[in-house]
2 protein chains.
Amino acid sequence: MQRSTNRKRANLRDVAAAAGVSVATVSRVMNAPETVAEATRKRVEEAMNSLHWVPSAAARAINTGRTRFVGALVPTLDNAIFARVLASMESQLAEHRLSLVVATTDNDPDQEAEKAKGLVDIGAEGLIVSGVTHAPEFYSLIERCQLPAVSTSFYDPHYRLPTIGYDNAAAARTALAHLTDLGHRQIAVVHGPSASNDRTRARIAGLEGHSPKPGLSFYEVELSIAGGCAAGRAILQAEEQPSAVLCLSDVLASGVLFELQRQGVSVPREKSVMGLDDLAGSAHLFPELTTVHLPVSRMGAAAADAIASWVETQQVPEPSLLASDLVVRASTAGPAGADPEG
Amino acid sequence: MQRSTNRKRANLRDVAAAAGVSVATVSRVMNAPETVAEATRKRVEEAMNSLHWVPSAAARAINTGRTRFVGALVPTLDNAIFARVLASMESQLAEHRLSLVVATTDNDPDQEAEKAKGLVDIGAEGLIVSGVTHAPEFYSLIERCQLPAVSTSFYDPHYRLPTIGYDNAAAARTALAHLTDLGHRQIAVVHGPSASNDRTRARIAGLEGHSPKPGLSFYEVELSIAGGCAAGRAILQAEEQPSAVLCLSDVLASGVLFELQRQGVSVPREKSVMGLDDLAGSAHLFPELTTVHLPVSRMGAAAADAIASWVETQQVPEPSLLASDLVVRASTAGPAGADPEG
DNA sequence: CTGAAAGCGCTAACAA
DNA sequence: TTGTTAGCGCTTTCAG
């Protein structure tokens, strides 16, 4: 039954009083301990402990004007690729003593704008987004707040936000070239919703004008294993059977692979299948998936550095292009019946 | 070249001055617009816009004592199961007008404690964690801060934090029972790191004392597709071949499946494989994976409600047990050579 | 090395 | 319906 047992949370003044010092000294113990005499510091620290003192984030933020966190808006957490991006962003931001707050947008610009507002409302100092398609409300938000914001997963040096990403069109072209090099001329292209995803659109566009010009048939499905399966079934029902399936995402390729197996189609003997992403699991599928590696870890780190420097120094970072590269594994081969020497 | 062009961000006073009203009125326009006369409100809103006024999160927080966000600490974003949990947490928290901030712990209690501190530092009003194994620093943090915290993915009514989860031991037992019911007597059990994961330990413990007592051999691997593949290879090299493989996680089961296929082992004809989790993709693997469904979406929503009510009303929520259930699909069957009628 | 005091931007009584 | 004013918990000069 001590007197102050039921009081609210202690504040700086309480600690100062308990330690017999001024609030300024307590503040110094937190922010510049070396400027406080050892004995005084000890006394203050004891007071902090015995009062269960916890500094108020808000009070600090209001004084310093800094919250030390930035927000990342990703389409979904459902695709393993974002786990990699976020992990590297987070660890790189930590180098700058910045925290990362994650929000998902479901590929919906309106939801993105709303979530962005939510992040700003809780004090985000900067934002990292995906792609170059955003709601007007999003742009007006970052403009009003003069908020640093960078975009990832897409490279476009002329975009109004600095972009840190790869060339989606080139990545898709690399994949297609691998297939045509193997001799495929009828190719099914499987991709996720294009209306809501500019990365997907860029990849599709990258396929245009490739030479030699193969016969391409497009299948748009939900971006998931189930979507890949649906595409697999649709492809098998087509009049003219493609000898290869180019999936614009590894997740889709996995689904296609499973469905073809389910239908008794041998990969790559009867049909080649390839992806684009290079997820961690893709190397271990059966058969191991040929794909195009996207440098998502480096991208996450680069985006983290970019937003950090913007937040810290007010310097707008430069756009940055990261290379992607072909990873040939076991799921692709020449078309069935082709001369294996040719 | 107006006079105030280069000033810092506008504040409430600036807006009030520009609109010719008091700061209180401006505040009301934000927080209770209906109490302000239409004309006044309009004038204030115009002033807000023309000054690019953005309310300060910190200042609001310091006054209301609320930040309106809670933190979730999850082991990893790499396993699709957490995407489901987090998605439902987030949408349910939104019902309470609360935001969710996500951090990953990599199954490391020290990292968890550190990240928890980071969340508190930026103002989290409550925390959601996984499991019942945490660092002393974590406990002292939530105690010092009197911070609401609930635990998920585990049910233990006697734990010091309210647990909202399923019975991991029972789920594993359900899986094992399915296999023994099918007639399997030699079963390989594949699981992730047990030292760092109490859910895994609980699942393993759940296998004990099951009757009829089958021959169980355990394989501990990294919790990933690659880990599942490694387990698959190890199992095939064992002296006594199990007729079934029980994976304590769907991710592992996928890897086992791929590896068995790679080695030419037919599932379920030669070996049955089952998982535990019921990820969205599991229903679409080849063959479709038999598993135990964990109610992660409901769990996320329940955890959100629990932490929300705690944060809002200071009432410590009750622990809550959610049922898991068997989902029989195509990856399990009786042991090879068994009488299909028996 | 330490303290006094002036705010940071906002909310919420209380008055008018 | 609107204004006045006292803080919220902390940092940060500026003195001593």
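Letters A, B, ... mirror the listed sequences (proteins, then strands); counts begin at 1. A quick note: this is a predicted structure, and the numbers were derived from the prediction, not measured.
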Verify the contact: side-chain N or O of [X] to OP1 or OP2 of [N], cut-off strictly under 4.0 Å; return yes or no.
{"X": "B:T25", "N": "D:dG3", "value": "yes"}
{"X": "A:S27", "N": "D:dT11", "value": "yes"}
{"X": "B:S22", "N": "D:dT2", "value": "no"}

Output yes when B:R144 and B:E137 qualify as a salt bridge under the 4.0 Å nitrogen-oxygen rule, no when they do not.
->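 A salt bridge is absent here (no side-chain N lies under 4.0 Å from a carboxylate O).
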Salt bridge check: are B:R41 and B:E38 linked by an N-O gap of less than 4.0 Å?
->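 Yes, charged N to carboxylate O under 4.0 Å.
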Classify the angle between the aromatic ring planes of B:H134 and B:Y159 as parallel (below 30°), tilted (30 to 60°) or perpendicular (above 60°).
->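 The arrangement is tilted - the two ring planes meet at 30° to 60°.
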For atom [atom1] of [X] and atom [atom2] of [N], their distance in whole Å:
{"X": "A:N31", "N": "D:dT12", "atom1": "CG", "atom2": "P", "answer": "7 Å"}
{"X": "A:R43", "N": "C:dC1", "atom1": "CZ", "atom2": "C1'", "answer": "12 Å"}
{"X": "B:R66", "N": "D:dC8", "atom1": "CZ", "atom2": "C1'", "answer": "16 Å"}
{"X": "A:R28", "N": "D:dG9", "atom1": "CZ", "atom2": "P", "answer": "21 Å"}
{"X": "B:K42", "N": "D:dT1", "atom1": "NZ", "atom2": "P", "answer": "16 Å"}
{"X": "A:E34", "N": "C:dC1", "atom1": "CD", "atom2": "P", "answer": "10 Å"}

With distance as the sole test, does [X] use its side chain to make a donor-acceptor pair with the main-chain N or O of [Y] at under 3.5 Å?
{"X": "A:D14", "Y": "A:N11", "value": "yes"}
{"X": "A:E125", "Y": "A:V70", "value": "no"}
{"X": "B:N197", "Y": "B:P193", "value": "no"}
{"X": "B:S151", "Y": "B:G131", "value": "yes"}

Would you work out how much the helix from C:dC1-D:dG16 to C:dA16-D:dT1 bends between its ends, with each end axis defined by five base pairs, to 10 degrees?
->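 Roughly 30° between the end axes, to the nearest 10°.
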Please work out if B:V21 contacts a base, only the sugar-phosphate, or nothing of the nucleic acid, heavy-atom cut-off 4.0 Å.
->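 Here B:V21 touches the backbone only, sparing every base.
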Could you check whether B:A24 gets within reach of a base, just the sugar-phosphate, or nothing at all, counting any heavy atom under 4.0 Å?
->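 Base contact - B:A24 has a heavy atom under 4.0 Å of at least one base atom.
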Among B:L127, B:V102, B:L147, whose side-chain contact (heavy atoms from CB on, under 4.5 Å) with B:L119 holds?
->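 So the option named by the test is B:L127.
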Side chains of B:T133 and B:D198: donor-acceptor distance under 3.5 Å anywhere?
->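 Yes - a donor-acceptor pair under 3.5 Å links their side chains.
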Polar atom pairs between nucleotides 7-9 of chain C and protein, under 3.5 Å, N or O only, would you list them?
unit_1, atom_1, unit_2, atom_2, d
C:dG7, N2, A:N63, OD1, 2.6
C:dC8, OP2, B:R13, NH2, 3.4
C:dC8, O2, A:N63, OD1, 2.9
C:dC8, O2, A:N63, ND2, 3.4
C:dG9, OP2, B:N11, ND2, 3.3
C:dG9, N2, B:N63, ND2, 2.7

